[in-house]
Enquirer: 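First the structure, then my questions, so here it is.
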Amino acid sequence: MIDIIAISGSLRAASTNSALLAALAANAPADCHVQVYDGLGRLPIFNPDDEGDRTPPEAARLIEMITRADGVIVSCPEYAHGVPGGMKNALDWLVSRDAAVGKPAMLVHASPRSLYARAALAEIMRTMSFAIYEGALEIALLGKKPAEMEMILAEGSNRRAMHGAIEAFSGFIRSK
């Protein structure tokens with residue numbers, strides 16, 4: 001069984017990125033388990049003085065989840081041509097740890113307009129030594145209401161695309 005942690009860079013209740021990750025989890029192949037991380041908004045702001053024995057519980061939980069996972073999927077919005085602070089903060093908690101080193105990671109996108117954040121996020125994660133899977137999945141959900149997102153994500157072609165993306169990513173994970 002391949003265990004994958006999925007992280008949404010959005011804290012919005014009606015987040016297109018979170019909806020995409022939930023749909024990915026629901027459409028994963030039988031030999032893959034995708035768990036969506038729900039603690040982004042509870043992470044304290046990273047402070048190097050709070051590492052080691054002083055690591056806050058939610059940061060320790062994230063670090064442990066990433067360490068144990070076979071791979072990581074990130075879906076992240078773009079704010080002002082950059083990565084949202086909450087997502088960057090989560091990554092900052094991993095910087096001085098081994099959790100990211102060589103960890104397979106895939107970026108998926110809910111908006112075709114997030115080009116700056118995509119490049120920045122990929123650069124940040126490569127710098128942290130994540131093994132970035134170059135295959136990508138984009139399902140355009142930008143500006144859609146929850147009911148519309150649900151319909152789009154339930155379309156057969158999108159369900160197959162999600163299943164195929166997870167299947168290809170799990171092959172990448174196995175090759176590492």
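Sequence positions, counted from 1, serve as the residue numbers for this chain.
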Enquirer: Please evaluate residues Arg174 and Asp31 with respect to the criterion salt bridge (Lys or Arg N to Asp or Glu O under 4.0 Å), reporting the C-alpha separation (whole Å), side-chain torsions for both, the decisive distance (0.1 Å), and the verdict.
Expert: CA-CA 12 Å; Arg174 286 185 176 97; Asp31 64 343; 2.8 Å; yes
Enquirer: I'd like to know if the side chain of Ser15 reaches the main chain of Arg12, judged simply by a donor and an acceptor atom lying under 3.5 Å from each other, with no hydrogens or angles considered.
Expert: no
Enquirer: Nearest heavy-atom pair of Ala60 and Thr55: which atoms, and what distance?
Expert: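 Distance-wise, the nearest heavy atoms are N-CG2, 3.6 Å.
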Enquirer: Would you say Tyr79 and Ile7 are hydrophobically clustered, going by side-chain heavy atoms of ILVMFWY under 4.5 Å?
Expert: no
Enquirer: Working note: Met151 + Lys144, criterion side-chain contact (heavy atoms from CB on, under 4.5 Å); need CA distance, chi angles, decisive distance, verdict.
Expert: CA-CA 10 Å; Met151 285 177 40; Lys144 304 297 184 204; over 6 Å; no
Enquirer: What heavy-atom pair brings Pro56 and Asp50 nearest, and what distance separates the two atoms?
Expert: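 Minimum heavy-atom contact is CD-O, 3.7 Å.
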Enquirer: Indicate the atoms forming the closest heavy-atom contact of Ala14 with Pro146, along with that distance.
Expert: CB-CG, 4.0 Å
Enquirer: Salt-bridge test for Arg159 and Glu155: reply yes if a basic N is under 4.0 Å from a carboxylate O, no otherwise.
Expert: no
Enquirer: What is the distance from atom CG of Leu43 to atom OH of Tyr37, rounded to the nearest 0.5 Å?
Expert: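 Here the rounded value is 3.5 Å.
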Enquirer: Are there over 12 heavy-atom neighbours, none belonging to Ile45, within less than 6.0 Å of that residue's CD1?
Expert: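 No, because the 6.0 Å sphere around CD1 of Ile45 holds 12 heavy atoms or fewer from other groups.
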Enquirer: Would Leu121 and Val74 satisfy side-chain contact (heavy atoms from CB on, under 4.5 Å), going step by step from the backbone distance to the final call?
Expert: CA-CA 9 Å; Leu121 186 57; Val74 176; 3.6 Å; yes
Enquirer: Do Asp70 and Met1 touch side chain to side chain, with heavy atoms closer than 4.5 Å?
Expert: no
Enquirer: Would you mind reporting whether Cys76 and Ser10 have side-chain heavy atoms less than 4.5 Å apart?
Expert: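 Answer no - side chains too far apart.
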Enquirer: Can you list every pair that meets side-chain hydrogen bond (donor to acceptor under 3.5 Å, both in side chains) and has a residue in residues 81-95, with sequence neighbours left out?
Expert: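 Qualifying pairs, neighbours excluded: Lys88-Asp92.
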Enquirer: Just how far is it from atom CG of Leu107 to atom NE2 of His109, taken to the nearest 0.5 Å?
Expert: 5.0 Å
Enquirer: Would you call Pro77 and Pro84 a side-chain contact if the rule is heavy atoms closer than 4.5 Å?
Expert: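 Side-chain contact under 4.5 Å: yes.
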Enquirer: With rounding to the nearest 0.5 angstrom, report the CD1 to CZ distance, Ile5 to Arg68.
Expert: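 CZ of Arg68 is found 10.5 Å from CD1 of Ile5.
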Enquirer: Hey, could you give me the OG/NZ distance between Ser129 and Lys103, rounded to the nearest 0.5 Å?
Expert: 13.0 Å
Enquirer: Same cluster or not: are Val101 and Ile63 linked, directly or through other Ile, Leu, Val, Met, Phe, Trp or Tyr residues, by side-chain heavy atoms under 4.5 angstrom apart?
Expert: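 In one cluster: no.
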Enquirer: Do you know which two heavy atoms are closest between Ala28 and Cys32, and how far apart they sit?
Expert: CB-O, 3.9 Å
Enquirer: If you apply the rule side-chain contact (heavy atoms from CB on, under 4.5 Å), what do you find for Asp98 with Thr67, and how did you get there?
Expert: CA-CA 8 Å; Asp98 291 335; Thr67 299; over 6 Å; no
Enquirer: Side chains of Asp3 and Gln35, heavy atoms from C-beta outward: is any pair under 4.5 Å?
Expert: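 No, too far: nothing below the 4.5 Å cut-off.
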Enquirer: For Arg113, look at atom CZ and say whether over 12 heavy atoms of other residues, nucleotides or ligands are found less than 6.0 Å away.
Expert: no
Enquirer: Counting C-beta onward and ignoring hydrogens, is there a side-chain heavy-atom pair between Met125 and Val83 closer than 4.5 Å?
Expert: no
Enquirer: Identify the heavy atoms of Leu91 and Met128 that sit nearest to each other, and give their distance.
Expert: O-CE, 3.2 Å
Enquirer: Kindly give the cluster partners of Ile4, where membership spreads through any ILVMFWY side chain lying under 4.5 Å from a current member.
Expert: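 Traced through the cluster, Ile4 reaches Ile2, Leu20, Leu21, Leu24, Val34, Val36, Ile73, Met106, Val108, Tyr133, Leu137, Ile139, Leu141, Met149, Ile152, Leu153, Met162, Ile166, Phe169, Phe172, Ile173.
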Enquirer: List for me each residue that meets side-chain contact (heavy atoms from CB on, under 4.5 Å) alongside Ala140, sequence neighbours excluded, and say none if there are none.
Expert: Pro112
Enquirer: What I want to find out is whether Arg118 reaches Glu78 closely enough, with some N-O distance under 4.0 Å, to be called a salt bridge.
Expert: no
Enquirer: For the pair Ser8 and Asn17, evaluate side-chain hydrogen bond (donor to acceptor under 3.5 Å, both in side chains) and give the outcome as yes or no after the intermediate values.
Expert: CA-CA 6 Å; Ser8 172; Asn17 294 281; 5.2 Å; no
Enquirer: Rounded at 0.5 Å granularity, tell me how far CZ in Arg54 sits from CG in Asn47.
Expert: 7.5 Å
Enquirer: Working to the nearest 0.5 angstrom, can you tell me the gap between Glu58 CD and Leu40 CG?
Expert: 9.0 Å
Enquirer: Within a reach of under 6.0 Å around CD of Glu64, are more than 12 heavy atoms found that belong to other residues, nucleotides or ligands?
Expert: yes
Enquirer: Quick check: closest heavy atoms across Arg126 and Glu134, and the distance to 0.1 Å?
Expert: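 Looking at all heavy atoms of both residues, the closest pair is NH2-OE2, 3.2 Å.
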Enquirer: Taking NZ, NE, NH1 and NH2 as the nitrogens, is one of them in Asp38 or Arg61 under 4.0 Å from a carboxylate oxygen of the other?
Expert: yes
